[in-house]
Structure formats: C-alpha cells, structure tokens
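Here's the structure we're looking at; comments come further down.
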Amino acid sequence: MSRDYGEKYSKISAQTKLALLDRPTQGYIQKKAFQYRFTFQELKQIVEISIDLSMWDEGSLLELDFQEEHKRQFLKSVHGYYEDLKVQKEYRNFDYEKPQRQPELVLKEKGKLGLGSCPVASERTRCCNLLTLDAVESCGFDCSYCAIGSFYNEDRVTFDPDFEKKLKNLELDPDKTYHIGTGQSSDSLLFGNKNNTLQALFDFANTHGNVILELKSKSKNISYLLEHKIPKNVITSWSINTPTIIENEEHLSASLEERLESARAIANKGNLVGFHFHPMVHYDGWESEYQEVVDMILKKFVPEEVALISLGTLTFIKPVIKKLRERNFKSKILQMPLESASGKFSYPLETKKQMFSHLYSCFEPWQREVYFYLCMEDISLWAEVFGYEYVSNSEFENDMINSYNRKINK
C-alpha cells in the first residue's frame with residue numbers, strides 16, 4: 001500500500017457514505033481503491049453504487065468481484081452492470097423488513113397560517129396552481145419515495161393548537177375561486193379529526209363557497225367523514241397504485257382495496273372523489289397491473305362520481321436522493337434510469353410517455369367525462385398523451401376549476 005495514497009484515501013473516504021456499508025464491502029472497496037488509486041469522485045460513485053445495490057437487494061460488488069486489470073475497464077464494468085439493473089426492476093424476490101413506526105403526535109405553536117404555492121412547480125412543467133394549506137406537518141406513513149421526510153422530522157407529527165382559529169381568520173378574495181389542497185405536508189385523513197382539523201376544514205369549506213377543498217390520502221380512516229355531512233365543495237381523493245408498489249414501497253398505508261372501498265363509501269354519500277396515479281412506477285409487469293387497477297375503478301364507480309384522475313411519476317431532488325441513501329433500508333424506488341428534468345431527476349420522457357399513454361388508454365370509457373391531467377410533468381407530454389395541451393398554467397387552472405365546479409354544482 002502506497003503511504004501517499006493511504007493518506008489520500010483516509011481523507012476522501014471520510015467524505016463519502018462508506019460507513020453505511022457492511023464491513024466486508026468496505027474492505028473490498030478499500031482494496032480496489034488502493035489497486036486503482038480512485039479519485040474522490042470515483043470513490044464516491046463506487047460507494048453510492050454499493051449503497052444502491054444493497055438498498056435494491058441486488059447483491060454487492062464484493063460478490064460480483066470484477067477482476068479487470070485497468071481502472072477504466074473496472075469502472076466501465078461496474079457502471080455497465082449498475083445501469084443494466086436500472087431497467088430490470090422486478091419485485092418477485094425482493095426481500096425487505098416492514099418498518100415499525102409510531103411517530104410522536106405533538107401540539108406546536110406556529111406562525112401565521114397562509115396559503116402556499118405548489119412546492120414542485122417549475123418552468124418546464126405545466127402546473128395547475130394548486131394552493132396548499134398545511135393543516136398538519138409530517139406523516140405517519142413510510143412511503144419510500146416521499147419527500148415529506150426531507151422537510152419535516154419523520155418521528156414527529158405536529159399540529160397547530162390554533163389552527164381552527166387561524167383558519168377562520170384566513171382572508172380570501174370573494175371574487176376568486178380557490179383550489180386548495182391539504183395533502184402536501186401530510187396525509188389529509190390519517191389523523192382523522194385530531195385537533196379538530198377536519199371539523200375546521202369543513203367549516204371553512206361551508207363558509208367559503210368559492211373554495212374547492214381537496215383532501216388527499218392513502219388512508220382508510222374515513223370515520224369522521226362518514227359521521228358528518230361533507231360539504232359539496234370538498235373533494236376527497238386517494239393516491240392509487242398497484243398492490244406491488246403499495247406492498248413494497250408505500251409502507252404502513254392502506255391497501256388498494258381499502259382505499260377504493262373508502263372512496264366508494266364517500267361516493268355513496270353523494271360526494272365527489274378523485275384518484276391520483278402518482279407516482280406511477282416502471283417495473284416488470286407494470287402494464288398489466290395498472291390495467292387491473294383501472295378495471296377495478298371502472299367497475300366500482302361511475303364517471304359522475306369522480307372529479308379527477310391525475311397521472312404522474314417519480315421525481316426526485318438531490319436532497320431526497322441523498323436522504324434515501326442515508327436511511328440504509330431496503331427499497332427499489334431508486335432502481336430506475338434517472339435523467340435530469342428541470343433541476344430534478346426522473347424517468348426519460350419516452351418512458352413517461354409510454355406509461356401515461358397506457359394508463360390513459362385504459363380509461364378510454366371515461367376520457368370525455370372525467371378531468372384527466374398530468375401532475376408535475378414536462379409540458380411536451382400533454383399533447384403526446386392526451387392529444388391537447390394548455391398554453392399557460394392559468395388556462396390549465398381555469399379549465400380544471402370549471403370542470404370541478406360543473407360536477408360540484410350537479
């Protein structure tokens with residue numbers, strides 16, 4: 001071992017996440033680092049690849065043990081194997097431990113309550129200008145791809161003790177229609193009416209007829225909604241996915257059947273529901289499984305009961321990718337080809353077009369009777385998937401609100 005490289009290795013390895021790996025893999029990487037004299041960037045990439053292989057339950061570089069003579073050949077072999085895995089994702093033999101999580105529920109005084117803007121809008125994505133209302137902060141579910149954990153303490157869910165009072169004092173323009181969602185900082189239904197949250201939201205909706213309030217959830221906790229009259233301008237929506245993704249990536253959330261039965265119960269009360277196919281995930285068998293989910297929805301509901309169906313897929317910012325790797329857990333969610341997309345990372349556009357077009361075609365009987373839209377997706381995909389596009393976010397927003405209001409007013 002060269003002493004000069006030994007000092008360099010100690011310095012650069014300390015700047016990586018090498019310590020997250022098991023001891024044998026750490027030793028293998030160190031051996032290869034001295035053999036090939038890795039630069040910091042090369043070592044960082046090898047460590048990240050090793051973390052991903054462990055996360056995906058796809059073995060380790062130690063087991064593969066590439067024996068190439070030259071560094072360039074070694075790196076090419078490792079990267080080639082890694083990239084091939086990204087397009088071969090399948091869950092049949094995926095082995096993971098189900099998380100056990102009971103976050104602390106606390107009351108915490110917060111500042112002034114206001115309406116926020118969609119946190120993920122960008123210049124290249126068509127945005128519906130959804131306004132956000134943080135009724136609760138952080139979530140009790142453990143979906144592997146979720147960004148909420150990157151912005152809030154995962155082990156603590158906070159409620160503002162003055163939320164009800166602040167919501168009553170929220171000033172709105174009576175001449176403007178507002179589309180407001182409460183599912184961006186937490187699940188809208190998981191905690192029920194704790195801290196009088198749902199009661200306050202229902203009173204708010206009843207007071208402001210110019211508000212369309214959307215409660216977005218992966219929960220089956222609809223007891224408060226069943227026991228109380230839901231304002232007509234409240235749309236209850238569920239994030240929907242295949243059983244494979246729910247089981248392997250949306251930990252602690254309600255099953256597909258429980259979500260659909262919850263939506264059916266709300267529709268039975270005469271209130272509108274909606275479904276978000278977000279995120280759609282590309283894996284072995286995705287086409288037939290999403291088709292089966294659509295068939296279930298078409299059987300259980302009629303289009304008059306459904307206000308919206310949105311389509312979207314996995315999109316990550318660098319801090320979320322970093323957080324996922326630091327969690328040191330089993331998930332295949334990052335096992336995908338990641339391309340730069342307006343400062344974020346997501347599937348290639350061609351893959352998105354294939355997924356969205358397939359799902360939209362499955363809903364052919366409803367295409368003229370339910371409002372479909374792409375959420376957080378590249379502007380170019382609209383015409384390719386739906387056959388039309390909006391020239392501005394305002395046009396998109398107005399068309400969406402008009403569609404929702406037509407069904408609300410029926």
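Predicted model only: the values in this text are computed from it and were never measured.
- At a cut-off of 3.5 Å, with distance as the only test, no side-chain donor of Glu63 or Tyr28 sits close to an acceptor on the other residue.
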Inset, instruction - Determine, stepwise, if the pair Arg406 / Asn402 fulfils side-chain hydrogen bond (donor to acceptor under 3.5 Å, both in side chains). - result: CA-CA 6 Å; Arg406 282 193 294 271; Asn402 289 336; 5.8 Å; no
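- At a threshold of 4.0 Å, the pair Glu250-Arg259 counts as salt-bridged, since one of the basic side-chain nitrogens sits closer than that to a carboxylate oxygen.
- Side chain to side chain, Tyr283 and Glu289 meet the donor-acceptor criterion of an N or O pair below 3.5 Å.
- For the pair Thr313 (side chain) and Met280 (backbone), a donor-acceptor distance under 3.5 Å is present.
- Proximity of a side-chain donor or acceptor of Ser186 to a complementary backbone N or O of Glu137 within less than 3.5 Å is not detected.
- Proximity of the aromatic rings of Tyr404 and His179 is defined here by a centroid distance below 6.0 angstrom, and this criterion is met.
- Ser331 and Glu249 share a side-chain donor-acceptor pair at under 3.5 Å.
- Taking the centre and axis of the six-membered ring of Tyr178, the NZ or CZ atom of Lys176 falls inside the cone set by 45° and 6.0 Å.
- Aromatic ring pairs are classed by plane angle as parallel below 30°, tilted from 30° to 60° and perpendicular above 60°; the pair Tyr96 and Phe94 is parallel.
- Side-chain contact check for Asp378 and Ser380: at least one donor-acceptor pair (N or O, by modelled atom type) lies under 3.5 Å.
- For the pair Arg126 (side chain) and Trp382 (backbone), a donor-acceptor distance under 3.5 Å is absent.
- With a 6.0 Å cutoff to the six-membered ring centre and a 45° limit on the axis angle, Lys218 does not count as a cation-pi contact of Phe141.
- Not one N or O on the side chain of Lys17 forms a donor-acceptor pair closer than 3.5 Å with the backbone of Arg325.
- The aromatic ring centres of Phe301 and Trp366 sit 6.0 Å or more apart.
- Shortest non-hydrogen contact noted between Ala307 and Tyr371 is O-CB, 3.5 Å.
- A salt bridge links Glu83 with Lys86: the closest approach of a Lys/Arg side-chain nitrogen to an acidic carboxylate oxygen falls below 4.0 angstrom.
- Defined by atom type and a distance below 3.5 Å, a donor-acceptor pair is missing between the side-chain atoms of His228 and Gln199.
- For the residue pair His278 / Ser310, no side-chain donor-acceptor distance below 3.5 Å is found, with atom types taken as modelled.
- The pair Lys352-Glu377 counts as a salt bridge, with a side-chain nitrogen and a carboxylate oxygen less than 4.0 angstrom apart.
- No donor-acceptor pair under 3.5 Å is formed between the side chain of Ser138 and the backbone N or O of Val157.
- In this structure, the ring of Phe363 has its center no less than 6.0 angstrom from the ring center of Phe275.
- Ring geometry, Trp286 versus His282: the interplanar angle falls from 30° to 60°, so the pair is classed tilted.
- Checking Lys166, Lys110, Lys112 one by one against Asp160, the salt bridge (charged side-chain N to carboxylate O under 4.0 Å, His left out) holds for a single residue, Lys166.
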